[in-house]
Trainee: 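Supplied in structure tokens, the structure appears directly below.
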Amino acid sequence: LSVLKRYDFSTTLQRQCTIVHKLGTNNSYIFCKGACERIIDLCDPDTLPKDFRKIVSEFSCSGKRVLAMAYKKEKSLHFLEAQRMPRSQAESDLTFLGLLLLQNKLKPDTSDIIHGLMEESQVRCIMATGDNALTAISVARDCGICPQKQVIFGDIPQRRDRPNEKASGAGVVWTEVPLGGGAVSATRIESRNLSEVLSKSSLDVNDAPLVLTGSAFRYLRLQYESN
């Protein structure tokens with residue numbers, strides 16, 4: 001394969017893309033990988049499994065880092081054609097390929113160190129990560145930052161007309177994520193009112209583990225700053 005152009009990973013787009021040409025043929029290909037919620041919006045819906053979101057949620061809840069992969073085939077592209085192709089054109093009408101699962105296991109002494117900080121030194125430990133929120137919950141439980149019980153998960157809801165865009169001005173939706181389960185649970189407790197979620201759960205109001213996405217954290221910070 002000959003690499004014609006690379007679109008580097010973008011933290012905003014949460015994906016990267018490469019245009020290649022198969023030597024000795026008239027076929028060129030565009031391959032794309034990145035966050036599942038970003039890649040699926042670029043794919044032909046007919047190529048996606050019907051239970052895609054459930055599968056991704058289950059893998060994330062087990063501590064896996066989940067990436068989605070997609071591609072499309074093009075007629076032979078010349079080098080200059082590839083250089084001039086807008087990223088939006090390259091990353092459109094893709095065919096879903098599959099999921100890539102990654103797992104970084106905890107180091108043997110990680111849990112003991114965190115336990116020492118939290119219990120012996122009384123240091124409050126928190127996690128800041130770019131991973132999927134459900135993956136972060138699983139890892140936090142494994143290392144002892146988060147207790148082995150349900151947590152309260154805050155996120156900004158997505159737009160109905162554009163599923164992979166956050167709804168502006170929608171506010172944070174709070175969801176109880178049970179132990180061993182994900183936010184897709186049919187029995188979940190969900191509300192825009194945090195107090196309501198806490199009152200319906202079995203968690204201690206003063207000691208409930210909270211998990212926030214980046215968009216929810218930014219929203220709350222702006223709300224408190226304005227008040």
Side-chain angles (χ1 to χ4, degrees), residues 9 11 14 34-38 52-68 99-158 166 171-224:
F9 177 80
T11 54
Q14 295 183 309
C36 296
E37 59 271 23
R38 297 292 176 259
F52 177 85
R53 295 183 186 278
K54 179 182 178 182
I55 293 173
V56 171
S57 178
E58 290 175 348
F59 281 133
S60 298
C61 286
S62 65
K64 306 292 192 305
R65 275 80 173 174
V66 188
L67 297 177
L99 299 174
L100 176 64
L101 305 181
L102 305 173
Q103 184 175 29
N104 293 331
K105 294 185 178 180
L106 295 176
K107 295 179 180 179
D109 56 352
T110 297
S111 297
D112 291 338
I113 291 175
I114 290 177
H115 180 270
L117 288 172
M118 296 178 68
E119 300 299 328
E120 298 173 15
S121 302
Q122 296 296 302
V123 175
R124 182 187 176 210
C125 294
I126 62 174
M127 177 189 290
T129 176
D131 287 334
N132 176 283
L134 297 180
T135 301
I137 292 172
S138 176
V139 175
R141 283 170 171 161
D142 288 344
C143 69
I145 290 179
C146 180
Q148 293 291 333
K149 60 183 178 180
Q150 63 267 48
V151 302
I152 303 300
F153 172 49
D155 192 15
I156 304 292
Q158 297 171 328
K166 301 296 184 180
V172 178
V173 172
W174 301 96
T175 306
E176 182 187 54
V177 180
L179 181 62
V184 297
S185 171
T187 59
R188 66 183 180 181
I189 303 173
E190 179 179 292
S191 174
R192 295 182 187 276
N193 188 318
L194 177 57
S195 298
E196 180 181 350
V197 175
L198 289 171
S199 66
K200 292 181 179 179
S201 75
S202 58
L203 291 169
D204 183 345
V205 174
N206 297 316
D207 191 33
L210 290 180
V211 178
L212 293 172
T213 61
S215 56
F217 178 80
R218 288 190 294 270
Y219 177 88
L220 292 175
R221 187 183 64 179
L222 290 173
Q223 290 297 307
Y224 278 98

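Quick note: numbers below take in every heavy atom, side chains included, and nothing from hydrogens, waters or symmetry partners.
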Trainee: Looking only at heavy atoms, which two atoms of N132 and L134 are closest? And how far apart?
Mentor: OD1-N, 2.8 Å
Trainee: What I'd like to find out is whether the side chain of V66 reaches to under 4.5 Å of the side chain of L100, using heavy atoms alone.
Mentor: no
Trainee: To the nearest 0.5 Å, what is the distance between SG (C143) and CG (L106)?
Mentor: 6.0 Å
Trainee: Looking only at heavy atoms, which two atoms of K64 and T135 are closest? And how far apart?
Mentor: O-OG1, 2.8 Å
Trainee: What's the separation between atom CD in Q14 and atom SG in C36, rounded to the nearest 0.5 Å?
Mentor: 10.5 Å
Trainee: If you measure from CD1 on I55 to CD on E58, what distance do you get to the nearest 0.5 Å?
Mentor: 7.0 Å
Trainee: Show your working on side chain to side chain contact (heavy atoms under 4.5 Å, CB included) between V56 and L99 and close with a plain yes or no.
Mentor: CA-CA 8 Å; V56 171; L99 299 174; 4.1 Å; yes
Trainee: If you take all heavy atoms of W174 and G154, which pair is closest and at what distance?
Mentor: CE3-CA, 3.6 Å
Trainee: Is any side-chain heavy atom of T213 closer than 4.5 Å to a side-chain heavy atom of F153?
Mentor: yes
Trainee: When rounded to the nearest 0.5 angstrom, what is the spacing between CZ in F52 and CD in E37?
Mentor: 8.5 Å
Trainee: Could you check whether atom CZ of F217 has more than 12 heavy atoms from other residues, nucleotides or ligands sitting under 6.0 Å from it?
Mentor: no
Trainee: Might you work through the side chain to side chain contact (heavy atoms under 4.5 Å, CB included) test for D155 and V172, ending with a clear yes or no?
Mentor: CA-CA 5 Å; D155 192 15; V172 178; 5.9 Å; no
Trainee: Which value, rounded to the nearest 0.5 Å, describes the distance between L117 atom CG and Q122 atom CD?
Mentor: 11.0 Å
Trainee: Just how far is it from atom CD1 of I156 to atom CG of L220, taken to the nearest 0.5 Å?
Mentor: 7.0 Å
Trainee: Of all heavy-atom pairs between M118 and C125, which one has the smallest distance, and what is that distance?
Mentor: CG-SG, 3.6 Å
Trainee: Check the pair V139, R65 against side chain to side chain contact (heavy atoms under 4.5 Å, CB included), reporting the backbone distance first and the verdict last.
Mentor: CA-CA 10 Å; V139 175; R65 275 80 173 174; 4.1 Å; yes
Trainee: At their closest point, which heavy atom of L67 faces which heavy atom of A35, and how far apart are they?
Mentor: CD2-N, 4.4 Å
Trainee: Could you go through I152 and V211, starting from their C-alpha distance and side-chain angles, then the distance that decides it, and tell me whether this counts as side chain to side chain contact (heavy atoms under 4.5 Å, CB included)?
Mentor: CA-CA 6 Å; I152 303 300; V211 178; over 6 Å; no
